[in-house]
Amino acid sequence: MKEKELRRSLAVLPIGTVMKLTDLTARQIRYYEEQGLIIPERNEGNRRMYSLNNIDKLLEVKDYLAEGINMAGIKQIYAERAQEEAKRQAKREKSLTDADVRRILRDEFVAVSGLSKQNQFSFRNNGL
DNA sequence: CTTCTCACA
DNA sequence: TGTGAGTA
């Protein structure tokens, strides 16, 4: 499920192909890049190379534009989308630290009680 | 031939 | 956003 996403991110399409796939002019495609909506890579000859994800985003932008949304509006939509992703990322990190909290708490207890891990083991064997 | 940047009779 | 100029 991750190998697939990697392929979709591979920039292998020249602008000419993108034009046919999206029905957008080169001018528009470059303009949307200028607006930060997409960030195509560049090959050795400074030629823009697009990925399938870039195509999807361009088509998405095209739809928003068709719905009457302007550049500013589209930028806001992606800005909000980025913030929500940031929150999800923060939550994952928080849940991961929660797991670590137990380890930290346990180590703290061991230190305060003065019990080594080996002693804890022997205590258990003695039913304590 | 395709794409790039820059500019606007 | 279109388009032509001059390149790479």
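Values below: every heavy atom of this structure, side chains too, minus hydrogens, waters and symmetry copies. Naming: A, B, ... by sequence-line order, numbering from 1 per chain.
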request  = Look at the side-chain N and O atoms of A:Tyr32 and state whether any lies under 4.0 Å from the OP1 or OP2 oxygen of C:dT1.
outcome  = yes

So, with a heavy-atom separation below 4.0 Å from DNA chain B, the residues of residues 53-78 of chain A are none

Would you indicate whether the side-chain heavy atoms of A:Glu33 and A:Ile39 approach each other to under 4.5 Å? no

- Contact check, side chains of A:Ile38 and A:Tyr50, non-hydrogen atoms, under 4.5 Å: yes

- Query: Are OP1 or OP2 of C:dT3 and a side-chain N or O of A:Arg27 less than 4.0 angstrom apart?
  - Reply: no

Item to complete: Report yes if some heavy atom in the side chain of A:Val18 is under 4.5 Å from a heavy atom in the side chain of A:Asn54; otherwise report no.
Response: no

Base-pair string, DNA chain C, Watson-Crick plus G-U, cut-off 3.5 Å on both distances, | for inter-strand, is .|||||.|

Presence of salt bridge, A:Lys91 and A:Glu85, under 4.0 angstrom: no

Here the gap from A:Lys62 atom NZ to A:Tyr32 atom OH, rounded to the nearest 0.5 Å, amounts to 9.5 Å

Ranking A:Arg47 and A:Thr25 by the position along DNA chain C of their nearest nucleotide, the one closer to 5' is A:Thr25

Under 4.0 angstrom between A:Arg42 side-chain N/O and B:dT5 OP1 or OP2: yes

**Prompt:** A:Gly45 near the nucleic acid: base, sugar-phosphate alone, or nothing, with a heavy-atom cut-off under 4.0 Å?
**Reply:** nothing

Separation between NZ (A:Lys75) and CD1 (A:Ile77), nearest 0.5 Å, reads 13.0 Å

